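Notes follow once the structure below has been shown.
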Amino acid sequence: MDELIYQLKQQLIEALNLEDITPEEIDAEAPLFGDGLGLDSIDALEIILLLERHYGIKIDNPQQGSKIFFSVKTLAEYVTANKK
Amino acid sequence: MDIFISSEHIISSLGLNTSEHLDCIESEKTGIKTINNSELYPEPVQLGLIDRNALYNATASMVDPKAYTLLETMMLFSISQAASQSNVPLDSPRTLFVFSTTKGNIDLINPKQATNLPSERRFLSQMAQAVCNFFNNPNKPVIISNACISGVLAIDIAARLIRTGMYDHAVVCGGDVVSEFVISGFQSFKSISPTPCKPYDAQRDGLSLGEGCATVILSNQLQQTTKPSIRVLGGASSNDANHISGPSRTGDGLFFAIRSTLQKSNLQASDIDYICAHGTATSFNDEMESKAVNLAKMSQVPINSFKGYIGHTLGAAGVIESVLSIASLQQQKLFKTLGYQQLGVPEPITVIDRTAPAQLRTCLKMASGFGGCNAALIFQTVN
Amino acid sequence: MNTKPYITSWCRIQSNKVCVNGDVQFTSNEALATDEFLKQAFKAMNKPYMKFYKMDLLSKLGFTAAEYLLQANPFSELLDPTEKGIVLSNRSASLETDTQHQQSIVDRDNYFPSPAVFVYTLPNIVIGEICIKNAIKGENIFFISDHFDTCFTAEYIGGLMSENRIKNCIFGWIELSDDGQFFDAFLAMASASENPLNKQLTAENLAALYNQQ
């Protein structure tokens, strides 16, 4: 799980163009949206794309995303449960 | 100075001229269909496509299909059809061409599409110049590429430029073609509905893409025709300054454009008889429009969207839908919002749910687009 | 009486330099790729803005020019957001980003179009980014032309501001070639009343500034 969490952090930094942020600086349990990293609705769609591209997981309805994307940890748990 | 509509013309999935469009709208027929063409897009998708064979047949004697792209052919046809109903001279230095498009000849950058056309035509100015040259117009064309409000802006800018005195007439032509480029992009936003779109409806679940082209010829001289004459009043744009793809959550940006348009036209909200709205049927757009309409105190004004008939035609939308709203004024008829059954927006608005006669003098056309932009424009019957 | 507005400041970004009102504000000694140059030019202002790094190159170019322009000559604080406008133009529209989106869909076996790329396949998004950062809610429009049309621009801005709604207007030319290698940005501020540089917005004055080396 730790390895997946680290990998997801790296992928998020790249996919979301998070400049000057290292994986170590992202708290796996902190909310991704809201204040923290300043992510928005386009970032949410990019995370959906990331899941499809790297893990073969398809999410057709972006509204489903809000629970899954709460934190890097919930994202990792979802990936572990649904990875193809 | 009064600016009049001299003539107009539309091409879309509903047909190759305005009266075909009005016939379909009266019979509540949609041009949006399930398209299963793996060359165009890997999966079946709802699209409002023009009948390309019919277009090429109609232009066979006029346009060399090897010398012009599909969009250019649409524009050449539409402009020549509009011109045949107008006495505005296309080749005069007093006539300005104004174009509206979001993606122009975008298929020219697609390596999978074989073409003999020069790659320079991927530049919108080259595309516009090719069309102007066909009609021997000596002026540099004005080209607006401003997302989905381009069409409304183009008519307003054309009117403004005639009012400067530099021109007497303007040919406004808006067009966009459905392409894999655009379908794939909107799919990445998960904003395309699996069925023909339902503007303002409680069950709305996204937009339908369409393609089309429309021309409006403007003049500072009134041309008497059998149809009631229409003038173009004030227009305005605004920006939500909120998000690049999501509209304002308050509707204030669009409200500012409406307010400015009314002021420029010396009108009040109570003077507006009908609103031809943007109504893309996405959750956020329709919600935002309902808020803007209420801020403008127009919740009781009959409002519709034409996108259930033709889809969202992007750079063509503002011009196509302006022509249809002008037809409303000329026919004294309000057209049903196809796809709408039950109000599903947070603020009350009076969605037109059946086609019926109405006393109409003044119409507000509005549009919003990516980049947080909004535009509004007013048309009015003369006398 | 219809008085023309005034040019109160301008910013030029080309090759390896950012100049404001004719003075160099940033320069890079080595030849940098466009993305790296713009990133460095932006970071040199020391005004962090996370969204910058999500923008496409065209938006980074226009946004950076606007930031330098407004640093030297901010909008008046007394202005309502609807009294601020922005009018931009270029030749290549959003072709640089269009090429990227096109590349993401060319291979059906590796088909991952990105919403973050697609949203920038419209040239007016750079206007949106500048509006968001600076609370600009007034008239805005993006024109396409082969070259920076100083006659049309001077006439258009003059006409716009004579309506007495827009008091300050950012305007100019934000061009990026479709391969991303060539860029040319000229951004200026027009004011209805302030005239610190004693420069009316005429086609001649605009051309002289644009052609200044």
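Numbered from 1 within each chain, the chains take letters A, B, ... in sequence-line order. Every heavy atom of this structure was used, including side-chain atoms; hydrogens, water molecules and symmetry mates were not. Note that the structure is a prediction, hence the values are computed from the model and not measured.
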Original post:
Quick one: of A147(B), S245(B), G371(B), S188(B), who has the most non-hydrogen atom pairs under 4.5 Å with chain C?
Top reply: S188(B)
Subject >> Residues in residues 118-125 of chain B that sit under 4.5 Å from chain C, counting heavy atoms only >> reply: R122(B), F123(B), L124(B), S125(B)
Subject >> Interface residues of residues 96-107 of chain B facing chain C - non-hydrogen atoms under 4.5 Å apart >> reply: T102(B), K103(B), I106(B)
**OP:** Mark yes or no for whether N140(C), through its side chain, and S237(B), through its backbone, hold a donor-acceptor pair below 3.5 Å.
**Re:** no
Original post:
With S145(B), which of I144(C), I141(C), N90(C) fulfils side-chain contact (heavy atoms from CB on, under 4.5 Å)?
Top reply: I144(C)
I need the [X] [atom1] to [Y] [atom2] distance, nearest 0.5 Å.
| X | Y | atom1 | atom2 | value |
| --- | --- | --- | --- | --- |
| I143(B) | R91(C) | CD1 | CZ | 10.5 Å |
| I144(B) | S89(C) | CD1 | OG | 12.0 Å |
| D156(B) | E139(C) | CG | CD | 7.0 Å |
| E163(C) | Q263(B) | CD | CD | 11.0 Å |
| N124(C) | N146(B) | CG | CG | 4.0 Å |
| E180(B) | I105(C) | CD | CD1 | 4.5 Å |

Original post:
For S150(B), is it the side chain, the backbone, both, or neither that has a heavy atom closer than 4.5 Å to a heavy atom of chain C?
Top reply: neither
**OP:** Measure K140(B) against the heavy atoms of chain C and call it side chain, backbone, both or neither at under 4.5 Å.
**Re:** side chain
Original post:
Who pairs with F256(B) by ring-ring contact (aromatic ring centres under 6.0 Å, His included), at least two apart in sequence or on another chain?
Top reply: none
Subject >> Those residues that, when tested against F181(B), pass ring-ring contact (aromatic ring centres under 6.0 Å, His included) (two or more places apart) >> reply: H101(C)
With the side chain counted from C-beta on, respond yes when [X] and [Y] share a heavy-atom pair under 4.5 Å apart, and no when they do not.
| X | Y | value |
| --- | --- | --- |
| I244(B) | V119(C) | yes |
| Q187(B) | P113(C) | no |
| N239(B) | I127(C) | yes |

**OP:** Verify side chain to side chain contact (heavy atoms under 4.5 Å, CB included) between Y111(C) and S184(B), making sure each step is shown before the conclusion.
**Re:** CA-CA 9 Å; Y111(C) 201 87; S184(B) 61; 3.7 Å; yes
Subject >> N-O pairing of K137(C) and D240(B) below 4.0 Å >> reply: no
